[in-house]
Amino acid sequence: MNNIRVRFAPSPTGALHIGGVRTALYNYLLAKKYNGTFILRIEDTDQTRYIEGAEDYIMQSLKWCNILPVEGPGMGGAYGPYRQSERKDLYKKYAIELVTKGRAYYAFDTPEELDAMRLREKEKGNHSPLYNGAIKKSMTNSITLSDQEVKERLESGAPYTIRLNIPSDETVIVNDIIRGEVSFQTNDLDDKIVLKGDGMPTYHLANIVDDHLMKITHVIRGEEWLPSTAHHVLMYRFFGWEDTMPTFAHLPLILKPNGKGKLSKRDGDKLGMPVFPLAWKGKTPEDSFDGFKEHGFDPQAVLNFLAFLGWNPGTEQEIFSLDELVEAFSLDGIGKSGARFDFDKAKWFNEQYISSKNNKTLAVLVKPLLEEKGYNATDDFIETFCGMMKERVTFYKDFADKGYYFFEPVKEYDAKTVKKKWKDEHKNNFNKMIEIILNTDPFDPTTMENKVKEFITENELKFGDLFPLLRVAIAGIVKGPPVFDMIALLGKEEVKQRLEKATEFFENTTQQKV
RNA sequence: CGCCCUGUGGUCAAAUGGUGAAGACGUGGCACUUUCUAUGCUAAGUUCAGGGUUCGAUUCCCUGCAGGGUGACCA
């Protein structure tokens with residue numbers, strides 16, 4: 001495959017959905033793999049749905065994921081402009097070309113007339129009325145009107161649309177790399193509007209014209225486009241561009257966790273999981289939400305997870321760097337059926353990525369999150385801390401959320417452990433153990449542990465009687481990294497204070513209970 | 001309702017016209033760790049249904065059923 005040119009063509013109607021990120025990723029992977037070109041095209045032909053900031057959000061998202069296009073708005077490229085609104089004048093010419101060729105026609109029906117027609121048809125028992133075949137002969141358009149009437153209407157500046165003139169009784173075959181041959185009957189196809197009343201093209205026209213002009217070789221997009229691809233194929237034929245028509249690949253959809261429908265923003269809200277890459281700040285709180293980034297995901301993990309939703313390399317390898325994905329990717333490896341969004345699997349990928357990172361890298365990423373919580377420490381401290389915590393966290397933010405006791409004094413002691421273990425017969429030994437720990441020099445985990453174990457063995461004591469208390473005294477809870485690692489990192493002074501405070505607390509609470 | 005797509009364990013999925021249908025996530029158990037993790041081992045669980053072709057079908061064909069998509073002067 002040579003000179004591959006693919007495009008990701010989102011509409012700036014809001015935040016970029018995670019399914020869009022996957023589409024972008026597959027496009028990116030194919031381009032990279034074959035040394036091709038990955039293009040971003042903004043499909044902003046619907047002025048009514050345009051959302052300020054959406055285009056920027058798309059760029060930021062691709063940037064975060066590290067799958068940036070090389071041609072697109074603000075990036076240059078020989079086939080610009082890359083915003084369809086800036087190409088507006090271009091499309092009309094092509095629409096009229098179709099009219100001239102008899103493959104499209106002017107239509108003057110008002111929205112009200114269209115509604116009336118649909119209502120009329122429904123009453124007749126036609127459940128999905130199509131503007132085509134017999135019906136178009138009953139509407140107001142350049143097929144039913146005389147040339148003179150059409151001319152007058154156009155000259156009077158009356159609003160009009162241009163509709164595709166779909167032929168009858170033909171079969172259109174769509175060749176899809178993922179789905180094989182998909183055939184449609186033209187009688188089931190409607191005469192789609194290609195140029196709207198406001199002079200803007202619809203998706204269908206703009207898409208075909210731009211893909212042709214931008215020399216796109218592969219159209220990789222969501223399955224929701226499959227039904228209209230018959231129209232697209234017909235348009236390539238009408239224009240005489242069939243020999244350079246791109247190859248289609250319609251991706252299976254990402255479904256809701258329960259499998260009922262496409263994944264949507266609501267699912268994220270409802271289930272407390274991100275559905276977008278980055279946070280979006282809408283006009284209202286309801287329209288604002290966090291993304292994978294804010295949730296504490298590593299972008300590589302997100303990409304790896306998304307890549308596997310509908311694609312797999314056919315081997316047992318699951319963890320792939322972006323370069324490895326490029327290497328392994330193939331359109332044939334894409335499945336046909338929709339994949340449910342499995343948040344557990346996403347979490348697993350993230351755990352894998354976090355725990356495989358070296359401590360220094362982690363420290364750089366985690367430090368700002370700690371500072372956000374008011375936790376300050378030296379870089380060395382954070383680095384060691386990350387090393388201890390990285391196999392115990394799922395998200396980046398967990399470092400601060402689960403490792404808080406490294407940065408603040410213990411506020412609460414696990415009551416169960418205190419009650420169960422703080423017994424008279426152990427108190428003395430516990431105090432002796434503390435003394436041994438505090439007198440350890442050098443103050444490192446191994447030395448400490450050896451000395452304490454020696455003490456326990458010599459006095460025929462049990463680890464289980466002393467260690468839980470020690471952990472609770474240091475951290476408050478019976479969770480976390482090896483206790484001597486924690487002690488060593490916290491340092492002698494801090495540990496001394498914590499132990500003193502703890503023993504005092506242990507003594508008080510248990511005495512009250514007696 | 002029309003048209004289109006899809007149908008392998010709870011989820012993501014591999015493979016095959018013919019021995020016991022990979023693997024991963026999740027779930028249970030065991031080991032390790034006298035914490036929590038991680039890790040290793042292990043268990044349970046599956047070819048949507050019915051026909052047909054065939055010596056033999058999860059695989060090929062048909063029908064049914066189920067799920068999804070689409071049916072705008074939205075993309």
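Only this structure's heavy atoms are used, side chains among them; waters, hydrogens and symmetry mates stay out. Numbers restart at 1 for each chain; the letters A, B, ... are given by sequence-line order, proteins then strands. Not measured: the values here are computed from a predicted model.
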Across the strands shown, which category fits A:N207 at heavy-atom distances under 4.0 angstrom: base, sugar-phosphate, nothing?
nothing

Mind jotting down which residue pairs meet the side chain to side chain donor-acceptor pair (under 3.5 Å) criterion with at least one end in residues 188-202 of chain A? Sequence neighbours excluded, please.
A:Y105-A:D191, A:K136-A:D191, A:D190-A:K192, A:D190-A:H231

On a whole-Å scale, what distance lies between the C1' atoms belonging to B:U53 and B:G26?
40 Å

Strictly by modelled atom types, are A:Y353 and A:N304 linked by a side-chain donor-acceptor pair under 3.5 Å?
yes

Taking the six-membered ring for Trp, are A:F305 and A:F297 closer than 6.0 Å centroid to centroid?
no

With both pairing distances under 3.5 angstrom for Watson-Crick or G-U wobble, and | for a partner in another strand, the correct string for RNA chain B is (((((((..(((.....[....))).(((((.......)))))....(((((..]....))))))))))))....

To the nearest Å, how far apart are A:H204 NE2 and B:U70 C1'?
11 Å

Classify the nucleic acid contact of A:R340 as base, sugar-phosphate or nothing, counting any heavy atom under 4.0 Å across all strands shown.
sugar-phosphate

Tell me: NZ of A:K260 to C1' of B:U6, nearest whole Å?
15 Å

Hydrogens and angles aside, do A:T171 and A:Q185 bring a side-chain donor and acceptor to less than 3.5 Å of each other?
yes

For A:R221, which contact category applies under a 4.0 Å heavy-atom criterion: base, sugar-phosphate, or nothing?
nothing

With rounding to whole Å, what would you report as the distance between B:C61 and B:U39 at their C1' atoms?
49 Å

Cationic tip of A:R153 above A:Y160 ring, under 6.0 Å, 45° of axis
no

Please give, in whole Å, the distance from B:G68 C1' to A:L255 CG?
6 Å

Let me know the distance between NZ of A:K336 and P of B:C12, rounded to the nearest Å.
17 Å

Suppose you measure atom P in B:G50 against the same atom in B:U70; what distance do you get, rounded to whole Å?
32 Å

Residues in residues 301-312 of chain A with a heavy atom under 4.0 Å of RNA chain B, by number, are A:F308, A:G310, A:N312

Would you check if the distance from the ring center of A:F248 to the ring center of A:W225 is below 6.0 Å?
no

Using the test salt bridge (charged side-chain N to carboxylate O under 4.0 Å, His left out), find all partners of A:E391 that sit at least two apart in sequence or belong to another chain.
none

For A:E449, is there an ion pair with A:K453 - N to carboxylate O distance below 4.0 angstrom?
yes

To the nearest angstrom, how far is A:D332 atom CG from B:A14 atom C1'?
15 Å

Base, sugar-phosphate alone, or nothing: which one does A:P481 contact when heavy atoms must sit under 4.0 Å apart?
base

Between A:D169 and A:N187, is any side-chain donor less than 3.5 angstrom from a side-chain acceptor?
yes

Pairs satisfying side chain to side chain donor-acceptor pair (under 3.5 Å), at least one member in residues 394-404 of chain A, at least two apart:
A:D298-A:Y396, A:E351-A:T394, A:K373-A:D401

Quantified in whole Å, what is the P atom distance between nucleotide B:C41 and nucleotide B:A24?
9 Å

Could you measure between the two P atoms, the one in B:A21 and the one in B:C48, and give it in whole Å?
15 Å

Pair A:F329 and A:W311, ring centroids less than 6.0 Å apart
yes

More 5' along RNA chain B: A:G335 or A:Y160, using each one's nearest nucleotide?
A:G335

In whole Å, what separates the C1' atom of B:U8 from that of B:A66?
15 Å

Scanning both residues in full, the closest heavy-atom pair of A:P257 with A:M273 reads CG-SD, 4.4 Å

Produce a footprint string for nucleotides 43-48 of chain B: one letter per nucleotide, 5' end first; B if the base is under 4.0 Å from any protein heavy atom, S if only the sugar-phosphate is, - if neither.
------

Select base, sugar-phosphate, or nothing to describe what A:P482 touches, counting heavy atoms under 4.0 Å on all strands.
base

So if I define the base as every atom that isn't primed, P, OP1 or OP2, how would nucleotides 21-32 of chain B read as a B/S/- string at a heavy-atom cutoff under 4.0 Å?
--SBSS------

Between A:V478 and A:L130, who's closer to the 5' end of RNA chain B by nearest nucleotide?
A:V478

Sub-6.0 Å ring centroid separation between A:F399 and A:F407
no

With no hydrogens and no angle check, just 3.5 Å: does a side-chain donor-acceptor pair link A:T45 and A:R83?
no

Report the residue from A:T144, A:L154, A:T161 that forms a side-chain contact (heavy atoms from CB on, under 4.5 Å) with A:F108.
A:L154

Please report the distance, rounded to the nearest Å, between CG in A:D190 and P in B:C74.
13 Å

With rounding to whole Å, what would you report as the distance between B:G67 and B:G28 at their P atoms?
30 Å

Could I get the full list of ring pair (Phe, Tyr, Trp, His ring centres under 6.0 Å) partners for A:F406, not counting sequence neighbours?
A:F385

May I ask you to evaluate whether A:T45 reaches the phosphate of B:A75, defined as a side-chain N or O under 4.0 Å from OP1 or OP2?
yes

May I ask you to evaluate whether A:K196 reaches the phosphate of B:A72, defined as a side-chain N or O under 4.0 Å from OP1 or OP2?
no

Cationic N near anionic O, under 4.0 Å, A:K262 to A:E223
no

Carboxylate-amine/guanidinium proximity below 4.0 Å for A:K124 and A:E121
yes

What contact category does A:G261 fall into here, base, sugar-phosphate, or nothing, at under 4.0 angstrom with non-hydrogen atoms?
sugar-phosphate

Given the C1' atoms of B:G10 and B:A44, what is the spacing between them in whole Å?
12 Å

In this structure, how many angstroms lie between the C1' atom of B:C12 and the CG atom of A:L253, rounded?
16 Å

How would you list, by chain and number, every residue that makes a salt bridge (charged side-chain N to carboxylate O under 4.0 Å, His left out) with A:R41, sequence neighbours excluded?
A:E43, A:D210, A:D211

Over all atoms of both residues, closest heavy-atom pair of A:F341 and A:P274:
CZ-O, 3.6 Å

Measuring from the side chain of A:K262 (C-beta onward, heavy atoms only), which nucleotide among B:G69, B:U6, B:A75 has the closest atom?
B:G69

Near RNA chain B, which residues from residues 383-402 of chain A have a heavy atom under 4.0 Å away?
A:E391, A:R392

Give A:P468 one of three labels, base, sugar-phosphate or nothing, depending on what nucleic acid heavy atoms sit under 4.0 Å from its own.
nothing

What contact category does A:R179 fall into here, base, sugar-phosphate, or nothing, at under 4.0 angstrom with non-hydrogen atoms?
sugar-phosphate

Side-chain donor-acceptor pair under 3.5 Å between A:D46 and A:Y203, yes or no?
no

Separation of A:N132 atom CG from B:G71 atom P, in whole Å?
15 Å

What protein N or O atoms touch nucleotides 2-4 of chain B N or O atoms at under 3.5 angstrom, if any, and at what distances?
none

Please enumerate all residues that pass salt bridge (charged side-chain N to carboxylate O under 4.0 Å, His left out) together with A:K256, with sequence neighbours excluded.
A:D267

For B:U35, does the base pair up with any side-chain atom of A:R471 as donor and acceptor (N or O, under 3.5 Å, distance only)?
yes

